[in-house]
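Written out below as structure tokens is the structure these notes cover.
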2 protein chains.
Amino acid sequence: MLWLVGVGISGYKGLSLEAVEVLKNCDVVLIERFTSSLSENDLVGINTTIGKSVKSVQRWYVEDGREIIDQAKEKQIALVTYGDPLLATTHTELRTRAAKASIKTGVIHAASGIASIMGECGLHMYKFGRTVTMMSEPKSAISVYNTIFDNLLLGSHTLILTEYNRDEKTGTLFFLDPVALLRMLLEAENDMRHHVISHETFVVVASRLGTNDSRIVSGKIKSLAGIGFGTGPHSVIVPARLHFTEEEALEALTVCLDSPSDNSKSISNISLQMIERYAPKAREAVRQMREILRQDRDESKGVHEALDNAEYYIDDAERFLRQGRHELAVLSIGYAEGLVDALRFQKGINPWSP
Amino acid sequence: MLWLVGVGISGYKGLSLEAVEVLKNCDVVLIERFTSSLSENDLVGINTTIGKSVKSVQRWYVEDGREIIDQAKEKQIALVTYGDPLLATTHTELRTRAAKASIKTGVIHAASGIASIMGECGLHMYKFGRTVTMMSEPKSAISVYNTIFDNLLLGSHTLILTEYNRDEKTGTLFFLDPVALLRMLLEAENDMRHHVISHETFVVVASRLGTNDSRIVSGKIKSLAGIGFGTGPHSVIVPARLHFTEEEALEALTVCLDSPSDNSKSISNISLQMIERYAPKAREAVRQMREILRQDRDESKGVHEALDNAEYYIDDAERFLRQGRHELAVLSIGYAEGLVDALRFQKGINPWSP
């Protein structure tokens, strides 16, 4: 049987009573801690608690998995993992392979880093959209930027996890610094220009959560640029519009350098931008057209009908926009412009002259 | 000092070693279990483990919170909660109020129901979009439906939590049955018609996770309609396009009644639907209009110019759509229709007759 046992996020004392029971009964206990902040002390703590020696394994060993699966055919074997055991795809794949080989599997859940970060910042969990990971390679920033944009348009917060690795040979730790991450997002804004990120954007940086040295700092990007955030792991949250209880929580529970503000204020979807730009222009075009008809003494019913309809459709566009039915709003404003411009073609007026 | 202590999702043995230490040192330990599946046995288990009697409190008592805050000024008080302690907004608000009153707070994280459900189904955590809750009142279904639609368009899975309550006076349990939930979603489809939900939609139903009686069933809605899912709590996942490792995991780790399929295949965003529907109609309208002009021997330059432009804009709409510039595509098709319809008004043809 294969057990996947989470140790949570705060050292070996994050093991649950159930986890300790299971580990005590296992023949072999493995631990993979190269992508986590579990220390040598934690290893000793686990050994003492379960009364046997846990074997440290490297990531490739877990990813390869063949020896683990083989042993699980005959023995009770447990893999101890940081956080919740099923949030890493490697562990789910191991569980799938075991199940396919008719090996019984068991899971002991534990505090997950991701859920803990969302909660510790005082933000409402159900308001988070898709989570994304920022790697140190520059092109990673565009996909993070796009996820933030998509989430903001839906009113959702974005949790950005960051690269965090310990070299398995040298033990050297690599982590992405939050200041570098924010600079990468500002550069992505320069490329993409959807008004998603600026020096005024309010963000939350959570560092080393679950350790005694944890810290959560929030503020505008310009206020965070000079801060030394120290060693990782770090996570960054770009919140969408905040509920007042979220604002209060950020102010009370984090090191809050600026008043929390609404990051979705500066972005708007493209439909909104179109209606705001085109509706007044279309109204003015109708007015001018009516003036020309009056001068030409053109009383043909169809022409006036077309102009009346153009006005109805401009109203419709604005109403659909208020209702959040953006596609219908854009369709309506386009239609109204088409109605007016057909008449302009006939009157010999170039619709596209300023 | 106020401690918020999570007990996880699998009964009292979900308490971590750290949680037990904290609770042993507290003067007062409260527990709120009316929105959870913690049993009387779990209560006894906690009492035995920490060597003192835990006091059961009702939800209004936690929401009101004044007595808790008052006691925390003088004493070490802990509130034990199901799952992770910070995923309920009530608990975060309590923590904020304590911090504002200069009361020290501590949090012991634990396995959260939400993270556990995502993991147990074998789906990748980072592919989940916004989580949503389905209540039994019918209008709840529209907002759940819209969240699924938004998530599917971004390629994200949707976790739907369901109403689950125990009446604090009578102890009667209310939970929303998954079959009722799926029926509500099918009804929402009838109203909204975005091709989000059908009898072919592949969904995952997770029931009573963390208990000995837990079960995860996956399959098309039509295959799940006749199943008795038993008592709650239940959650339902509507996955987006699946990675092949997710498909394998669903087949190996859940009671899988149908081959997992891609729920985003049948949906397309509204812009796409509009262009697909309106572009052929607009082309046909241009063709008819040219025929009428030919019969009327109408050779006025402006009219032909308007029709030529209508054709250019229909082409533009289709090109913009291929480029993913959906708003411009809709604007263009609307404009093309307006150009044609202005001429139809003048020829005395009702543009909206079939």
Side-chain angles (χ1 to χ4, degrees), chain A residues 8-10 13-18 84 86-87 89 92-93 95-96 99-100 109-112 114-116 119-120 122 124-126 128-131 150 154 156 245 248-249 252-253 270-271 274 300 302-303 305-306 327 330-339 341-343 345-348, chain B residues 8-10 13-18 84 86-87 89 92-93 95-96 99-100 109-112 114-116 119-120 122 124-126 128-131 150 154 156 245 248-249 252-253 270-271 274 300 302-303 305-306 327 330-339 341-343 345-348:
Chain A
I9 61 160
S10 49
K13 287 187 181 171
L15 284 173
S16 64
L17 302 177
E18 196 183 10
D84 186 83
L86 292 188
L87 293 191
T89 53
T92 296
E93 281 168 33
R95 193 170 161 235
T96 304
K100 279 180 158 179
H109 290 286
S112 92
I114 289 173
S116 302
E120 288 278 342
H124 296 172
M125 182 280 313
Y126 64 86
F128 278 83
R130 197 163 172 154
T131 295
D150 287 338
L154 298 177
S156 301
T245 57
E248 283 184 359
L253 304 173
I270 300 167
S271 310
M274 282 180 167
S300 54
V303 173
E305 225 175 314
E327 296 85 357
V330 172
L331 189 72
S332 301
I333 201 71
Y335 185 76
E337 288 184 328
L339 287 175
D341 283 355
L343 306 181
F345 278 117
Q346 291 173 71
K347 295 284 172 190
Chain B
I9 61 159
S10 49
K13 287 185 181 173
L15 284 174
S16 65
L17 302 177
E18 197 183 9
D84 186 84
L86 292 187
L87 293 191
T89 53
T92 297
E93 281 167 34
R95 192 168 161 237
T96 304
K100 279 180 157 179
H109 290 286
S112 91
I114 289 174
S116 302
E120 288 277 342
H124 296 173
M125 183 280 314
Y126 64 85
F128 278 83
R130 195 161 173 157
T131 295
D150 288 338
L154 298 175
S156 302
T245 57
E248 283 184 359
L253 304 174
I270 298 169
S271 311
M274 281 179 167
S300 53
V303 173
E305 223 176 314
E327 295 85 357
V330 172
L331 190 71
S332 301
I333 200 71
Y335 186 75
E337 288 185 327
L339 287 176
D341 283 354
L343 306 181
F345 278 117
Q346 291 172 72
K347 294 285 172 188

Residues which pass side-chain hydrogen bond (donor to acceptor under 3.5 Å, both in side chains) with A/Ser300, listed by chain and number, not counting sequence neighbours: A/Asp298
Largest heavy-atom contact set with chain B, pairs under 4.5 Å, which of A/Arg95, A/Lys347, A/Glu93, A/Glu18: A/Arg95
side-chain contact (heavy atoms from CB on, under 4.5 Å) between A/Gln346 and B/Gln346, intermediate numbers included: CA-CA 11 Å; A/Gln346 291 173 71; B/Gln346 291 172 72; 2.7 Å; yes
Chain A contact via B/Asp341 - side chain, backbone, both or neither, heavy atoms under 4.5 Å: both
A/Glu337 versus chain B, the contacting section by heavy-atom distance below 4.5 Å: both
With B/Ser156 via side-chain hydrogen bond (donor to acceptor under 3.5 Å, both in side chains) - residues at least two apart: A/Arg130
A/Ser16 versus B/Gly14, closest heavy-atom pair with distance: CB-O, 3.6 Å
Rounded distance [0.5 Å steps], CG in B/Leu17 versus NZ in A/Lys13: 8.0 Å
Part of B/Tyr126 lying under 4.5 Å from any heavy atom of chain A: both
Separation between CD of A/Glu120 and CG of B/Leu86, rounded to the nearest 0.5 Å: 5.5 Å
Interface moiety of B/Glu248 toward chain A, non-hydrogen atoms closer than 4.5 Å: both
A/Tyr335 vs B/Ile333, side-chain contact (heavy atoms from CB on, under 4.5 Å): CA-CA, chis, key distance, verdict: CA-CA 8 Å; A/Tyr335 185 76; B/Ile333 200 71; over 6 Å; no
Segment of B/Ala110 engaging chain A (4.5 angstrom heavy-atom cut-off): backbone
Interface residue of largest heavy-atom contact number with chain A, from B/Gly129, B/Gly8, B/Ser116, under 4.5 Å: B/Ser116
Choice from B/Ser271, B/Ala252, B/Gly334 maximising heavy atom contacts with chain A below 4.5 Å: B/Gly334
Leading residue by heavy atom contact count with chain B [cutoff under 4.5 Å; candidates A/Gly122, A/Ala342, A/Ala99]: A/Ala342
Residues A/Thr96, B/Leu253; criterion side-chain contact (heavy atoms from CB on, under 4.5 Å); working and verdict: CA-CA 7 Å; A/Thr96 304; B/Leu253 304 174; 3.8 Å; yes
Among the listed options B/Gly348, B/Ser10, B/Ser112, the residue most often paired with chain A at heavy-atom distances under 4.5 Å: B/Ser10
Options A/Ser332, A/Gly302, A/Ala336, ranked by heavy-atom pairs under 4.5 Å with chain B, top entry: A/Gly302
Partner chain A: residue of B/Leu154, B/Leu343, B/Asp84 with the largest heavy-atom pair count (under 4.5 Å): B/Leu154
Chain A interface, residue from B/Val330, B/Thr92, B/Thr131 that has the most non-hydrogen pairs under 4.5 Å: B/Val330
